[in-house]
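Atom set for the values below is all heavy atoms of this structure, side chains included, hydrogens, waters and symmetry mates excluded.
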Amino acid sequence: VTSSAQAKSFSEATAAYARGDYTIAARRLVRLAVRGNARAQGLLGFMYEYGRGVPQDYVLAAEWYIRGAEQGDPAAQYLLGLMYDKGRGVPQDAVLAHKWLILAAAQTGHRDRDASIRLRDAVATKMSEAQIALAQRLASDWRPLRER
């Protein structure tokens, strides 16, 4: 599948989502997500987290967020950080929450950056200096892993 075909398919999936046709959106996103499309993985994780077009399932949501986040999708990184902060679908882990929120804040577009920074900083208030330093080191050492 060419990248232009994937982009068209992703646009069709997000259009279906915007219309509230969640089942159609999920079907299209699954096809893209299993092929390694990080944005589709992040959105599919969101759909599982909130039960839109698919059964609500925090574990599956976290799995899709992880796949998207590891490839560098800032939305998936942000949402994965929230999952680790709350312990939804993954064990609660402030260090990993902070790591993913650091990465999301660094890459998020201007419109959403303040929310990422606020959440990152809120998680830090629950952490020791050593935990913050570890999260920062993990974020600095992180490199995206492409699935293809």
Next item on the list: Mark yes or no for whether H98, through its side chain, and R120, through its backbone, hold a donor-acceptor pair below 3.5 Å.
Entry: yes
Item checked: Joint cluster assignment, I24 & L32, ILVMFWY side-chain distance < 4.5 Å -> no
Notebook entry, point to check: Is there a chain of hydrophobic side chains (I, L, V, M, F, W, Y, each step under 4.5 Å between heavy atoms) that links L60 to L79?
Noted result: yes
Could you tell me whether the side chain of [Y] reaches within less than 4.5 Å of the side chain of [X], counting heavy atoms only?
| X | Y | value |
| --- | --- | --- |
| Y84 | Q92 | no |
| Y17 | R52 | yes |
| D121 | I117 | yes |
| D85 | K126 | yes |
| Y22 | Y50 | no |

Working to the nearest 0.5 angstrom, can you tell me the gap between [X] [atom1] and [Y] [atom2]?
| X | Y | atom1 | atom2 | value |
| --- | --- | --- | --- | --- |
| I66 | L80 | CD1 | CG | 5.5 Å |
| N37 | Q6 | CG | CD | 5.0 Å |
| F46 | L29 | CZ | CG | 12.0 Å |
| Y65 | R88 | OH | CZ | 9.5 Å |

Ignoring hydrogens, what is the shortest heavy-atom contact between [X] and [Y]? Give both atom names and the distance.
| X | Y | value |
| --- | --- | --- |
| W142 | A69 | CZ2-O, 3.4 Å |
| E49 | Y58 | O-CE2, 3.5 Å |
| Q71 | R146 | O-NH1, 2.6 Å |
| V123 | A97 | CG1-CB, 4.2 Å |
| Q41 | A33 | NE2-O, 3.0 Å |
| G42 | D73 | CA-OD2, 4.4 Å |

Margin query: So, using side-chain hydrogen bond (donor to acceptor under 3.5 Å, both in side chains) as the criterion, who are the partners of R27 when residues are at least two apart?
Written below: none
Next item on the list: Look at atom CZ of R28 and say whether more than 12 heavy atoms of other residues, nucleotides or ligands are closer to it than 6.0 Å.
Entry: yes
Show which side-chain atoms of residues 99-108 pair as donor or acceptor with protein atoms under 3.5 Å away, not counting sequence neighbours.
{"unit_1": "Q107", "atom_1": "NE2", "unit_2": "Q77", "atom_2": "OE1", "d": "2.7"}
{"unit_1": "T108", "atom_1": "OG1", "unit_2": "A104", "atom_2": "O", "d": "2.3"}

Checklist line | E12/K8 ion pair, N-O < 4.0 Å | finding: yes
Note to self: If we check side chain to side chain contact (heavy atoms under 4.5 Å, CB included) with Y48, which of these qualifies: L43, V54, V59?
What the structure shows: V54
